[in-house]
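Chain A is the first sequence line, chain B the second, and so forth, proteins listed ahead of strands; every chain is numbered from 1.
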Number of protein chains: 2
Amino acid sequence: MARADTIRHAKRYPCEECPLRPLEVFRAFEKEELAFVSKFKRGELSVDKGATVLVEGAHSAHLFTVLSGWGFRYKLLPDGRRQILNYLMPGDLIGLQGSLMGEMQHSVEALSPMILCMFERDKLQELYRNHPGLAYDITWIASREERMLDENLLSVGRRTALERAAYLIAFISARASSVGLNGKKPVEIPITQQHIADTLGLSLVHTNKTIRKLADRNLVKWRDRGCEVVDVEGLLALARWEGMSEGKRPLV
Amino acid sequence: MARADTIRHAKRYPCEECPLRPLEVFRAFEKEELAFVSKFKRGELSVDKGATVLVEGAHSAHLFTVLSGWGFRYKLLPDGRRQILNYLMPGDLIGLQGSLMGEMQHSVEALSPMILCMFERDKLQELYRNHPGLAYDITWIASREERMLDENLLSVGRRTALERAAYLIAFISARASSVGLNGKKPVEIPITQQHIADTLGLSLVHTNKTIRKLADRNLVKWRDRGCEVVDVEGLLALARWEGMSEGKRPLV
DNA sequence: CGCTTACTTGAGTCTGGTCAAACGGGGTGG
DNA sequence: CCACCCCGTTTGACCAGACTCAAGTAAGCG
C-alpha cells in the first residue's frame, strides 16, 4: 500500500488566494478569520492517487482540509472486508476525529492526486479560545458529516441494490458539482466498481450487474475507471431521495 | 403517533445536583462551566415511552441532553421503510444537527420514559463565544456520534446477520453500562426485535431467527420486550469487534 | 508483447426476504 | 372473572436477491 510520501512544506496556495473560497457554496469570511486560518495552516501535503493519507489506529498530529482531488474514508474488518464510509472532496475536513479523540478509527485513501492543507492539531485549542466563529464552523462541518452518514446508513440498511446505487451516484455527483468539480458539464467520478461495492455493502459482481441496469435505463454511463452521470433527476427519483438542501457552508 | 406532551418547566434536577455528572465516565467540570450550563438549561422535558421527541423536517429551537431513559434516532423512506441510526442514553446530546443547520433530518423517539434537559438554541452562540472549553466539548460529542455511525455503517454494510446482531447488542450494552444503566448486573435493553431489525437492516423474521441463534449459543437471553446480555466477551468475539476505547468524556 | 487492472458474464448456491399462521401474555370492557 | 384483542414473538414453507466461483474480455503500461 502506498504511503503519503511527497510532502511539500512551502505554501503554494496561500489562504489569501485560496481557489476554493470564492465558490458560491462557501460562506464569506471575515478578514480576521482568514488571517487566523492562514496562520493556522502549516503547509500542504500532496499525495498520489492510491496513497493512504491516514491509517486507522494512528495518532495523527494533523488536521487537513482537502484543497483539490478526491479521496475516501473507510474501515476494515480483521478479515479484510472493507466498508467505505464517505467520500472526500475539496473543502472537506479530514482527521477531526483523530485530532479530538486521539486515535483515528478509520483510514483515508486518495482516489486521485490530492493536495491537502495541513493544520496543527495543537492550535485547535487556540482556535476555540480566540475564534468562536471558526469553532462553530468546525462543529457545523462535523454535523454535516454526521448528516451524510445518516443518509448513507439509511441507504445501506434499507434501500434495494438499485436504489442504493442510484442514491450513491446522485449523492456524489451533487457534492462534486457544488464544489465545481464538473469542469465539463457531466461530472466524471474517478472510482472503480469495487469502490461502489464497498460503499453500498454489495459484492463486486452484483454491483456490476446493478450498474448495468442503471446504464440500460440511461441514467449513467460507465467509462473506464469512472462514472458519468447522465440523468440526475432520474437517479433521485429512483432512489426516492430529495437531495441535499445545501445553502452556504463554512470552509476552514 | 404519540407526541411529547408532558412538559415541565420547573427544574427538578438542577445542574448542580446532576445525577449523571458524578459518574466515572464523565470528565470533571470547572465551577464556572457548571454555572454556565446551569444558566444555559431552560427546563426539563418529560416524555412517555413511544413519544416522538423530534420529527424529521421540523425546525427545533431546542437542544437536549438525555438525563434519563432510552431513545433512538431514525430516518424513514417515503414508503415507510425505517432505519434506526443510533440509540440515545443518558448523557447523549439530541438535536445538535437541527440547532446548527436549521432543519432536523431525522426523528427521535423514546424507548422508555425519558427526561431531557432542554437548552436554548440561541444561547449556543454565547456558549461558543464565552466558553471555548464547552464549545470544544460539543464538537467532541458530535465527533463521538460520527464515530459510532462509522462503526454502525461498517456493521450494516459488511457484517453477516449474526455478526451484526452480536455487535449491536454488545455495543448497546457497553454504552449502557458506562452510564450505569445496569442497576442489576445484566443490562436489560428495552427494545423489541423490530427495533433490532430496523437497526441492522434485516427483516423482522430473519432477525428473530438470528437472535435465536445467539440465545442458543448462550450469548443473550431474550425476554418479554427486552434483551439481557449473558456473555459480552462472546458477543465481541463473534462480531470481531474490539469494543469502544472510551476514556472520560464531556457531559453538557 | 506480456502483464496487470478493471470490467463482464454465466452458473449454481445460499443468505435473507416474504407470506402466512399461530402462540402467549397483558390489558380491558362486559 | 372471563372473553377478547393486541402486540410482540415464533415457526414453517417458499422465493428471490445477492453471493461465490469461474472464466473471459478489454484497455493501459512497461
Legend entry - Nucleotide-resolved protein contact map, nucleotides 25-30 of chain D, B/S/- at heavy-atom distance under 4.0 Å: ---S--

Quick one: side chains of residues 205-217 of chain B, donor-acceptor pairs under 3.5 Å with protein atoms, not counting sequence neighbours, listed by atom name and distance.
from    : atom 1 : to      : atom 2 : distance (Å)
T207(B) : OG1    : S203(B) : O      : 2.7
N208(B) : ND2    : Q193(B) : OE1    : 2.8
T210(B) : OG1    : H206(B) : O      : 2.7

Inset, instruction - Taking ring pair (Phe, Tyr, Trp, His ring centres under 6.0 Å) as the test, write out the residues that go with W241(A), two or more places apart. - result: Y167(A)

Legend entry - Within residues 170-179 of chain B or reaching into it, pairs that qualify as side-chain hydrogen bond (donor to acceptor under 3.5 Å, both in side chains) - sequence neighbours excluded: N86(B)-R175(B), D92(B)-R175(B)

Legend entry - Per-nucleotide protein contact string for nucleotides 15-21 of chain C (B base, S sugar-phosphate only, - none; heavy atom under 4.0 Å): -BSBB--

Inset, instruction - Starting at atom CG of D198(A), determine the distance to atom P of dA6(C), rounded to an integer number of angstrom. - result: 12 Å

Donor-acceptor pairs under 3.5 angstrom involving side-chain atoms of residues 231-239 of chain B: please list them, not counting sequence neighbours.
from    : atom 1 : to      : atom 2 : distance (Å)
D231(B) : OD1    : E233(B) : N      : 3.3
D231(B) : OD1    : G234(B) : N      : 2.8

Legend entry - Residues which pass ring pair (Phe, Tyr, Trp, His ring centres under 6.0 Å) with Y87(A), listed by chain and number, not counting sequence neighbours: none

Legend entry - Any pair counted as side-chain hydrogen bond (donor to acceptor under 3.5 Å, both in side chains), so long as it reaches residues 53-63 of chain B, sequence neighbours left out: none

Inset, instruction - Please report how far the helix from dC1(C)-dG30(D) to dG30(C)-dC1(D) bends, comparing the axis fitted to its first five pairs with the axis fitted to its last five, to the nearest 10 degrees. - result: 30°

Inset, instruction - Return each pair, listed once, that meets salt bridge (charged side-chain N to carboxylate O under 4.0 Å, His left out) where at least one residue sits in residues 57-66 of chain A; pairs must be two or more places apart or across chains. - result: none

Inset, instruction - In whole angstrom, give the distance that lies between atom CZ of R212(B) and atom C1' of dT10(D). - result: 7 Å

Inset, instruction - Check side chain to side chain donor-acceptor pair (under 3.5 Å) between R164(A) and all other residues, then give those that pass, not counting sequence neighbours. - result: none

Inset, instruction - Specify the separation, in whole Å, of atom CD of Q194(B) and atom P of dC7(D). - result: 13 Å

Inset, instruction - Go through the structure and list residues passing ring pair (Phe, Tyr, Trp, His ring centres under 6.0 Å) with F26(B), not counting sequence neighbours. - result: none

